[in-house]
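Heads up, the thing below is written out as structure tokens.
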Amino acid sequence: MNVVWLVVGLILILVGANALTDGASAIARRMGISDLVVGLTVVAFGTSAPELAISVISASSGNAPLAIGNVVGSNIFNILVIIGITAMVRPIVIEKSVMSLEIPMVILSSIVMLILGNSGLLDGSGINQVSRLSGIFLLIFFILFMRYTFASAKQPGVSVDSESKESTAAMPVWRSVLYVVVGLAALVWGGDKFVDGASGIASGLGVSDAVIGLTIVAAGTSLPELATSIVAAVKGKPGLAVGNVIGSNIFNVLMVLGLAGVITPLPFGSIGNLDLLTLVGASVLFYIFGWFFKTRTITRAEGAVLTAAYIGYVAVLLSRL
């Protein structure tokens, strides 16, 4: 039954994320918000909604390692696997502004996770955790990031294209609202069942919730990002593929972990520097590959290196069981 709930929960999460994204995008476009803002906010939120649902539900049920492992594991998966596989499908050309602003923000959010993961050493308490105060600060930074995103979108030349207008006209307001409501309901219920199934499997196999969160749950909740980025690459929209990963990673740390931390303090437990340094290393590697070898392009070879790095990371995790 744990496997059944895991699968049912994952299906509900994916369906819910898709419905929420479609509905929210239609509402945003009807309000005259540009595709740029929709991509960096609504789409990023939609694909990060599974992480939000699972981490908040895990935090509420007292399963902090699963909540934190989900965020850390998802961000590692996003960079190493999603960018890696997407680049192997089609080399990703990255805009200069993304290299100088957004990707450094991803690196900064990863460093923040590393600091929080060693907070017990810094404050002398010996307990590494995301406190309520830390959660509040993360949410404040999230609001500042949103303000920056909207301010950037107000630059001249940004407008809602004809394709967006056509898609808006095709979806009535009532259907958009229905998609949002049904999507949220599916995410909440699916997240609850997914956590139950994952926790049951972990206890049955003797595997810690932290490892399950870093691998199975992280990969499962990152499927919306994977699908979105690959489709974007195939359609020749590299900006959407990269923006989806960047936005999701920032959302996961600032919004998801911030909100979960405000609900209840989240001790890191067995999630240690191996995982956190892997996240920082993946973020830095993303930046290096973007600038060097072939300027502002993640090549197929570099994508293969990123994917291989993830396989190596998982192998190390499993060897420590």
Side-chain angles (χ1 to χ4, degrees), residues 6 9-10 13-14 16-17 20-21 43-59 63-86 105-107 109-114 116-117 130 138 142 187 190-191 194-195 198-199 202 208-230 241-261 266 268-269 271 274-283 285-286 306-307 309-311 313-314 317:
L6 189 75
L10 181 57
I13 286 169
L14 297 179
L20 176 62
T21 302
V43 175
F45 173 77
T47 54
S48 290
E51 286 90 342
L52 177 62
I54 288 179
S55 290
V56 169
I57 291 171
S58 298
N63 196 340
L66 186 59
I68 295 179
N70 178 35
V71 169
V72 175
S74 292
N75 282 14
I76 293 173
F77 188 92
N78 285 351
I79 296 174
L80 297 182
V81 177
I82 296 180
I83 293 295
I85 291 178
T86 302
M105 185 66 179
V106 172
I107 296 175
S109 67
S110 301
I111 293 174
V112 167
M113 284 296 299
L114 179 62
L116 291 174
V130 179
L138 290 176
F142 171 73
L187 279 170
F194 192 92
V195 170
S199 298
S208 70
D209 285 332
V211 172
I212 292 294
L214 286 165
T215 54
I216 297 176
V217 177
T221 56
S222 291
L223 288 180
E225 286 96 330
L226 179 60
T228 300
S229 294
I230 290 178
V242 173
N244 176 40
V245 168
I246 291 174
S248 295
N249 275 31
I250 294 173
F251 264 62
N252 286 347
V253 174
L254 302 184
M255 171 77 169
V256 175
L257 206 59
L259 186 57
L266 302 173
F268 276 72
I271 297 173
L274 169 66
D275 313 300
L276 299 174
L277 288 172
T278 298
L279 177 56
V280 174
S283 303
L285 200 59
F286 184 17
L306 291 174
T307 305
Y310 183 78
I311 295 174
Y313 166 67
V314 173
L317 279 183

Worksheet item: Pick one: which of I246, L279, N252, V106 meets side chain to side chain contact (heavy atoms under 4.5 Å, CB included) with N78?
Response: N252

Worksheet, complete the sentence: Applying side-chain contact (heavy atoms from CB on, under 4.5 Å) to L10 and not counting sequence neighbours gives L14, F194, L223

Worksheet item: Can you name the residues that form a side-chain hydrogen bond (donor to acceptor under 3.5 Å, both in side chains) with D275, not counting sequence neighbours?
Response: Y313

Worksheet item: Which heavy atom in V211 sits nearest to a heavy atom in T215, and how many Å separate them?
Response: O-OG1, 2.7 Å

Worksheet item: Going through the distances and angles, do S55 and V71 end up as a side chain to side chain contact (heavy atoms under 4.5 Å, CB included)?
Response: CA-CA 8 Å; S55 290; V71 169; 3.7 Å; yes

Worksheet entry | Those residues that, when tested against L114, pass side-chain contact (heavy atoms from CB on, under 4.5 Å) (two or more places apart) | N118, N273, L276, L277, V280

Fill in: Nearest heavy atoms of A59 and A67, plus distance in Å
N-CB, 4.2 Å

Worksheet, complete the sentence: Hits for side-chain contact (heavy atoms from CB on, under 4.5 Å) against A53, two or more places apart or cross-chain, chain-then-number order -> L187

Worksheet, complete the sentence: Nearest heavy-atom contact between T307 and I85 is OG1-N, 3.7 Å

Fill in: Shortest non-hydrogen contact from S229 toward V245
OG-CG2, 3.9 Å

Fill in: Residue pair G261 / L266: nearest heavy atoms and the distance that separates them
N-CD1, 3.8 Å

Worksheet item: How far does CG of N75 sit from CG of L214, to the nearest 0.5 angstrom?
Response: 11.0 Å

Worksheet item: In chain order, what residues pass the side-chain contact (heavy atoms from CB on, under 4.5 Å) check against S109, with sequence neighbours excluded?
Response: V253

Item to complete: Of all the heavy-atom pairs spanning G69 and I271, show the shortest one and how long it is.
Response: N-CD1, 3.2 Å

Worksheet entry | Nearest-0.5 Å distance, CZ of residue F77 to OG of residue S74 | 8.5 Å

Practice prompt. To the nearest 0.5 Å, tell me how far N63 CG sits from I68 CD1.
Written response: 10.5 Å

Worksheet entry | Straight-line distance of S222 OG to I76 CD1, nearest 0.5 Å | 10.5 Å

Discussion item. As an exercise, state the distance from CD1 of I250 to CG of L254, rounded to the nearest 0.5 Å.
Written reply: 7.0 Å

Worksheet item: Among all residues two or more places apart in sequence or in another chain, which pass the side-chain hydrogen bond (donor to acceptor under 3.5 Å, both in side chains) test with S283?
Response: S110

Worksheet item: Should L138 and L116 be marked as a side chain to side chain contact (heavy atoms under 4.5 Å, CB included) after you check the CA-CA gap, both sets of side-chain angles, and the distance that decides it?
Response: CA-CA 11 Å; L138 290 176; L116 291 174; 4.2 Å; yes

Item to complete: Please round to the nearest 0.5 Å and tell me the distance separating atom CG of N249 and atom CD1 of I107.
Response: 11.5 Å

